[in-house]
Number of protein chains: 2
Amino acid sequence: MFSLDTAASPPPDPRQALARADALCQERGVRLTELRRRVLEILWNSPTPLGAYAILDVLREDGRTGAPPTVYRALEFLLEQGLIHRLTSQSMFTGCRQPGSRHDGQFLICQDCGQVDELNNPAIEELLRAEAAAREFEALAQRVEVLGRCPDCRRGAIDHAA
Amino acid sequence: MFSLDTAASPPPDPRQALARADALCQERGVRLTELRRRVLEILWNSPTPLGAYAILDVLREDGRTGAPPTVYRALEFLLEQGLIHRLTSQSMFTGCRQPGSRHDGQFLICQDCGQVDELNNPAIEELLRAEAAAREFEALAQRVEVLGRCPDCRRGAIDHAA
DNA sequence: TCGGAAATTGTTATTTTATAACAATTGTTA
DNA sequence: TAACAATTGTTATAAAATAACAATTTCCGA
């Protein structure tokens, strides 16, 4: 038996992701400035989502001066362009695995290690849209997050118990 | 044509909600203290979700002394008992329309007026569970929120344009 | 290529949300 | 009623996000 709906996320490769972002921004005529590109790179280089202040720390390690608004503005741009997602339950940000087609995504978030898997199950999206439509509610964005434990951490926990 | 999956939320009635909460806590042998009950009441009396500090303001109008931890602890209890929900994208809290059976719910949140409709569509819940299971992810909680405009605000917007 | 408007980034200060740590009080039970 | 647990009060601080304005860079037309 196999899943009918969604493929697994492609392995996140920072270089590819940045090249894709470059291309998308060029197409769209928007500017992926050095700062914005660097923030995106920082996110892609991290195995787990990062908060704005963690990103700011890395920028400062770069030698760049900056304050929270610097980061938040870059994040705002990246969100608008669909290059990253915000995990609202965590106040954190992560690179989008399917940029290009704007979407909100669905996330499996490990509460132990923080790692995140991005789903894009159209059936879930569609059901939510339908629920909204049935109530004459104009749906503009979806936030779908599943909190729990990833396979690695489950195995780790089993090891500890053994 | 009609929806197959979920009924509309019952009209929120503070008195009923509080009576139900009393009963549930009694059954469970947990204490719905005066403070906790009052916080729940404040939430039910509000037409829209409230943040912790808005709740604190009302408590102070009551004449009660208190600080943020007072409110957050009461909220924590109410969340544990499934008597309220947290809207993570808003950092706000709202009374649960179907207490008794623990669930995470799904929410339609109006970005104009703040009003919230609670869904409990089992198909959405099930799809998320299935996605998690397919990836061997242990799902412990779900956060599902749709942001947009409620029917009232859509009509209001049309009126303005007209 | 120069100058001015728009976009981007820098900077300072503040607001909003949430929690840590410990003290005081209340409730429960032996 | 003493002792213990649960709840609430209090002070202080951490963490996340934004407001407001200044400086800089980019873009584009004259």
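The chains referred to below are lettered A, B, ... by the order of the sequence lines, with proteins before strands, and numbering in each begins at 1. All values derive from a computational prediction rather than experimental measurement.
The residue A/F77 sits apart from the nucleic acid: no heavy atom pair falls under 4.0 Å. At the heavy-atom level, B/A52 lies nowhere under 4.0 Å from the strands shown. Using a 4.0 Å heavy-atom criterion, one finds that B/R31 contacts the sugar-phosphate atoms exclusively.
Look at A/E34 and A/R64 and you find a salt bridge, because one of the NZ, NE, NH1 or NH2 atoms lies within 4.0 Å of a carboxylate O, short of that distance.
Checking D/dC27, D/dA19, D/dA16 against the side-chain heavy atoms of A/P69 singles out D/dA19 as nearest.
There is no side-chain donor-acceptor pair under 3.5 Å between B/Q115 and B/D117. Judged purely by distance below 3.5 Å, without hydrogens or angles, the side chains of A/Q81 and A/R28 pair a donor atom with an acceptor atom. Counting only N and O atoms by type, the side chains of B/H85 and B/D104 include no donor and acceptor under 3.5 Å apart. Between the side chains of B/N120 and B/Q98, at least one donor N or O sits under 3.5 Å from an acceptor N or O.
Counting to the nearest Å, the P atom of C/dT12 and the CG atom of A/L56 are 14 Å from each other. Spacing between atom OH of A/Y53 and atom P of C/dA18 amounts to 15 Å, rounded to whole angstrom units. For A/L35 and C/dT11, the CG to P distance is 12 Å, given to the nearest whole Å. A/D62 has its CG atom 14 Å from the P atom of C/dT9, to the nearest Å. Atom CZ in B/R28 sits roughly 19 Å away from atom C1' in D/dA6 (whole-Å rounding). For B/L79 and C/dT19, the CG to C1' distance is 15 Å, given to the nearest whole Å. The distance from atom CD of B/E34 to atom P of C/dT26 is 12 Å, rounded to the nearest whole Å. Rounded to whole Å, atom C1' of D/dA6 lies 13 Å from atom CD of B/E76.
Checking the phosphate oxygens (OP1, OP2) of D/dT10, no side-chain nitrogen or oxygen of B/T70 falls inside 4.0 Å. Between C/dT8 and A/R36, a contact under 4.0 Å exists linking OP1 or OP2 to a side-chain N or O. For the pair A/S91 and C/dT17, the criterion of a side-chain N or O lying under 4.0 Å from OP1 or OP2 is not met. Contact between the side-chain N/O atoms of A/R60 and the OP1/OP2 oxygens of C/dG10 is not found at any separation under 4.0 Å. Distances shown here put a side-chain N or O of A/R64 below 4.0 Å from the OP1 or OP2 atom of C/dG10.
The cluster map of Ile, Leu, Val, Met, Phe, Trp and Tyr, joined by side-chain heavy atoms under 4.5 Å apart, puts A/F107 and A/F93 in different clusters.
Shown here, C/dG4 forms a base pair with D/dC27; the pair counts as Watson-Crick or G-U wobble because both key distances fall under 3.5 Å. The partner of C/dT29 is D/dA2, judged by Watson-Crick or G-U wobble contacts that both fall below 3.5 Å.
Mapped onto DNA chain D by nearest heavy atom, B/R73 and A/Q90 fall at different nucleotides, with B/R73 at the one closer to the 5' end.
A distance cut-off of 5.5 Å between ring centres, combined with a plane angle under 30°, leaves A/Y72 outside any stacking arrangement with the base of D/dT18.
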